[in-house]
Number of protein chains: 2
Amino acid sequence: MSRNPEEPVYNRIEEARTALGLSRQDLADKAGVHYQTIGYLEREEYSPSLVLALRIAKSLNQEVSELFSLNPFKKGK
Amino acid sequence: MSRNPEEPVYNRIEEARTALGLSRQDLADKAGVHYQTIGYLEREEYSPSLVLALRIAKSLNQEVSELFSLNPFKKGK
DNA sequence: TCATTATGTTGCATTAATGCTACATAGCAT
DNA sequence: ATGCTATGTAGCATTAATGCAACATAATGA
């Protein structure tokens, strides 16, 4: 958020996406967003809206909490 | 999202908040946002950022998926 | 070699999310 | 009656999230 620039959101989008053999474009199509938006999210240049997070989670068959966290994810799951 | 004005996000924030005996101000303090932001969310006038959704879920001891959904919630849980 | 695909980078425009201030109302307690 | 708390509403300012276009690079395959 603009009012909380110090608190990032960590994610495992790339990990989950590649595990399904999807390109960013594939995931973007499923989630209904621009393919570069997926890139920004994977590089954690910004955090998504809740709507997008829910769509991505659905597209990747994961729980929001499995894909996104306020705390860094541990190595290898 | 601005690019998906047709897809709202449903939530049970008020239900979960009152169940804990919290006022909007209480929840806002916990989540680190303005108390009126909670009001806007409860009235579903807009959907939160993922960061805020994660903070609210944590503040209410709930999973994001228990509090927010792309589909309307059924009656009484 | 050439084309395609996937990805990264930059830049610009639009808009929703959030903060904040002020005011109104209703309920409750004193 | 008065004050306090919780909530709703409206308006304005700021900024992050998203779209989109253009270009670069690397890998792959024909």
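Per chain, numbering begins at 1; letters A, B, ... match sequence-line order. Being a predicted model, the structure only gives us computed values, none of them experimental.
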Problem - Cationic tip of A/Arg12 above A/Tyr10 ring, under 6.0 Å, 45° of axis - result: no
Problem - Whole-Å gap separating P (C/dT18) and CG (B/Leu50) - result: 11 Å
Exercise for the section: Could you tell me which non-hydrogen atom of B/Gly21 sits nearest to which non-hydrogen atom of B/Asp26, and how far apart they are? Expected result: O-OD2, 4.4 Å
Handout entry: Phosphate contact (C/dA17 OP1 or OP2) by A/Ser49 side-chain N/O below 4.0 Å
Key = no
Fill in the blank from the handout: Separation of D/dT7 atom P from B/Ile38 atom CD1, nearest Å, is 11 Å
Practice task
Would you tell me if any nitrogen or oxygen in the side chain of A/Arg17 comes within less than 4.0 Å of OP1 or OP2 on C/dT7?
Solution key: yes
Fill in the blank from the handout: Of all heavy-atom pairs linking A/Asn11 and A/Glu44, the shortest is N-OE2, 2.8 Å
Handout entry: B/Thr18 to B/Glu15 - nearest heavy-atom pair and separation
Key = OG1-O, 3.2 Å
Handout entry: Nucleotide-resolved protein contact map, nucleotides 20-25 of chain D, B/S/- at heavy-atom distance under 4.0 Å
Key = BBB---
Problem - Pairing of B/Arg17 and B/Glu42 as salt bridge, 4.0 angstrom limit - result: yes
Handout entry: Atom of A/Ser65, atom of B/Glu63 and distance for their closest heavy-atom approach
Key = OG-OE1, 3.1 Å
Practice task
Give the rounded distance in Å between these two atoms: CG of A/Asp29 and P of D/dT18.
Solution key: 16 Å
Fill in the blank from the handout: Closest to the side chain of A/Leu52, out of D/dT18, C/dA6, C/dG19, is D/dT18
Completion exercise
Taken to the nearest whole Å, CD/A/Glu44 to P/C/dT7 is 16 Å
Exercise for the section: Using whole Å, report how far CD of B/Glu45 lies from C1' of D/dG11. Expected result: 13 Å
Exercise for the section: Determine: side-chain N/O of A/Thr37 to OP1/OP2 of D/dT18, distance under 4.0 Å, yes or no. Expected result: no
Practice task
Look at the side chain of A/Arg43 and decide which nucleotide, out of C/dT9, C/dT18, D/dT18, has an atom nearest to it.
Solution key: C/dT9
Problem - Rounded distance in Å - CD (B/Gln25) to P (D/dC4) - result: 16 Å
Fill in the blank from the handout: On a heavy-atom basis, the closest approach of A/Leu27 and A/Ser59 is CD1-CB, 3.7 Å
Practice task
Check whether any side-chain N or O of A/Ser47 sits under 4.0 Å from OP1 or OP2 of D/dA16, and answer yes or no.
Solution key: no
Completion exercise
note: A/Leu27, atom CG; C/dT5, atom P; distance rounded to Å ~ 18 Å
Practice task
Write down the distance between CG (B/Leu54) and P (C/dA17), rounded to a whole number of angstrom.
Solution key: 16 Å
